[in-house]
Amino acid sequence: FRDLPFEEFEFRGYLAKRRVVYYGWQYRYDDRVLHPAGDVPDFLLPVRERAAAFAGLAPEDLPHAMVTEYRPGTPIGWHRDKAVFGDVIGVSLLSPCVFRLRRRVEAGRWERWSFVAEPRSAYVLRGPARVPRGFLAALCRRGAPRAGRCFSRVRSSVRCVRARER
């Protein structure tokens with residue numbers, strides 16, 4: 001991972017403590033649009049194949065990959081991945097972290113769940129977890145540096161745009 005071309009994650013002018021590398025597609029917060037990124041590299045293809053099999057998908061259904069480096073103590077607040085992405089498959093690497101989910105059940109009341117994402121574990125977010133009133137996720141990193149890979153389906157309208165670009 002040390003040789004990857006990581007860049008600081010920028011969110012609306014703010015530089016987060018995590019660093020990222022995008023492949024396939026990159027969502028930019030400045031214009032809120034997906035932009036083509038470099039091809040998914042060969043070393044990620046076996047991981048994408050396993051992530052796709054885990055999620056019951058074909059590897060080609062996952063044209064977007066993001067590799068993220070989290071330094072010790074890097075928090076990620078409550079968030080939902082952008083709607084341009086469909087299913088989100090995450091793979092945890094290097095060190096464990098607490099993965100928290102919450103869902104609003106009524107005004108001021110939340111259902112909450114958490115689990116430890118161990119290294120080499122994976123998760124899939126789809127269906128109700130990916131809709132506007134679905135779950136919000138947050139990660140809590142402790143101690144050791146951590147890395148994760150995230151593969152995403154891209155909504156069909158975006159795939160059509162990419163096909164027209166070729």
Side-chain angles (χ1 to χ4, degrees), residues 1-52 54-55 57 59-102 114-126 129-130 134-155 158-159 162 165:
F1 287 104
R2 290 186 186 112
D3 296 332
L4 291 179
F6 285 109
E7 294 181 2
E8 299 295 324
F9 178 77
E10 186 174 345
F11 179 75
R12 298 183 184 160
Y14 170 76
L15 291 180
K17 293 182 180 180
R18 63 189 180 273
R19 299 186 321 151
V20 297
V21 180
Y22 299 97
Y23 299 105
W25 293 99
Q26 177 183 1
Y27 181 87
R28 291 195 196 145
Y29 289 89
D30 57 350
D31 62 4
R32 299 179 182 182
V33 172
L34 274 180
H35 295 268
D39 291 335
V40 176
D42 290 343
F43 78 91
L44 281 180
L45 295 178
V47 180
R48 182 175 77 170
E49 287 175 18
R50 292 185 72 179
F54 175 71
L57 301 168
E60 303 78 44
D61 290 335
L62 301 174
H64 165 75
M66 178 175 69
V67 180
T68 308
E69 174 197 65
Y70 302 95
R71 296 178 187 133
T74 300
I76 298 180
W78 295 110
H79 71 283
R80 182 178 299 107
D81 294 312
K82 293 297 175 193
V84 296
F85 298 111
D87 298 346
V88 175
I89 299 95
V91 179
S92 180
L93 302 170
L94 297 182
S95 67
C97 75
V98 177
F99 193 97
R100 300 181 300 157
L101 296 166
R102 72 179 183 180
S114 65
F115 64 92
V116 175
E118 297 289 346
R120 298 179 54 134
S121 64
Y123 61 86
V124 176
L125 296 174
R126 71 162 45 115
R130 295 287 298 127
F135 292 94
L136 296 172
L139 303 173
C140 180
R141 316 277 183 222
R142 296 187 186 138
R146 185 171 188 297
R149 294 180 186 148
C150 179
F151 297 94
S152 303
R153 292 181 85 174
V154 176
R155 302 262 183 226
V158 176
R159 276 185 281 199
R162 185 167 193 201
E165 291 175 350

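We're numbering straight along the sequence, starting at 1.
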What's the separation between atom [atom1] in [X] and atom [atom2] in [Y], rounded to the nearest 0.5 Å?
{"X": "Asp87", "Y": "Asp61", "atom1": "CG", "atom2": "CG", "answer": "9.0 Å"}
{"X": "Arg18", "Y": "Glu69", "atom1": "CZ", "atom2": "CD", "answer": "12.0 Å"}
{"X": "Ser92", "Y": "Arg120", "atom1": "OG", "atom2": "CZ", "answer": "11.5 Å"}

Min side-chain heavy-atom separation [X]-[Y] under 4.5 Å:
{"X": "Gln26", "Y": "Leu34", "value": "no"}
{"X": "Val67", "Y": "Phe6", "value": "yes"}
{"X": "Val88", "Y": "Val124", "value": "no"}
{"X": "Val116", "Y": "Pro96", "value": "yes"}

Does [Y] offer a backbone N or O that forms a donor-acceptor pair with the side chain of [X] under 3.5 Å?
{"X": "Arg126", "Y": "Ala55", "result": "yes"}
{"X": "His64", "Y": "Trp25", "result": "yes"}
{"X": "Arg48", "Y": "Leu62", "result": "yes"}

Next item on the list: Under the ring pair (Phe, Tyr, Trp, His ring centres under 6.0 Å) rule, collect the residues that match up with Phe115, sequence neighbours excluded.
Entry: Phe99
Next item on the list: Could you tell me which residues satisfy ring pair (Phe, Tyr, Trp, His ring centres under 6.0 Å) with Tyr27, sequence neighbours excluded, listed by chain and number?
Entry: Tyr29
Note to self: A quick test of your reading: do over 12 heavy atoms of other residues, nucleotides or ligands sit less than 6.0 Å from CG of Asp42?
What the structure shows: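 It does not: Asp42 CG has 12 such atoms or fewer within range.
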Notebook entry, point to check: Val40 and Pro63: which non-hydrogen atoms are nearest, and at how many Å?
Noted result: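 Closest pair (atom of Val40, atom of Pro63, distance): CG2-O, 4.1 Å.
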Item checked: Contacts of Asp31 that satisfy side-chain hydrogen bond (donor to acceptor under 3.5 Å, both in side chains) - sequence neighbours left out ->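 Counting only residues at least two positions away or on another chain, Asp31 forms a side-chain hydrogen bond (donor to acceptor under 3.5 Å, both in side chains) with His35.
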Margin query: Working note: Ile89 + Leu125, criterion side chain to side chain contact (heavy atoms under 4.5 Å, CB included); need CA distance, chi angles, decisive distance, verdict.
Written below: CA-CA 6 Å; Ile89 299 95; Leu125 296 174; over 6 Å; no
Next item on the list: Can you sort out the partners of Glu8 under salt bridge (Lys or Arg N to Asp or Glu O under 4.0 Å), two or more places apart, ordered by chain and number?
Entry: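 Arg71.
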Checklist line | Which residues share a side chain to side chain contact (heavy atoms under 4.5 Å, CB included) with Pro41, sequence neighbours left out | finding: Tyr23, Phe43, Leu44
Item checked: Residues which pass side chain to side chain contact (heavy atoms under 4.5 Å, CB included) with Glu49, listed by chain and number, not counting sequence neighbours -> Pro59
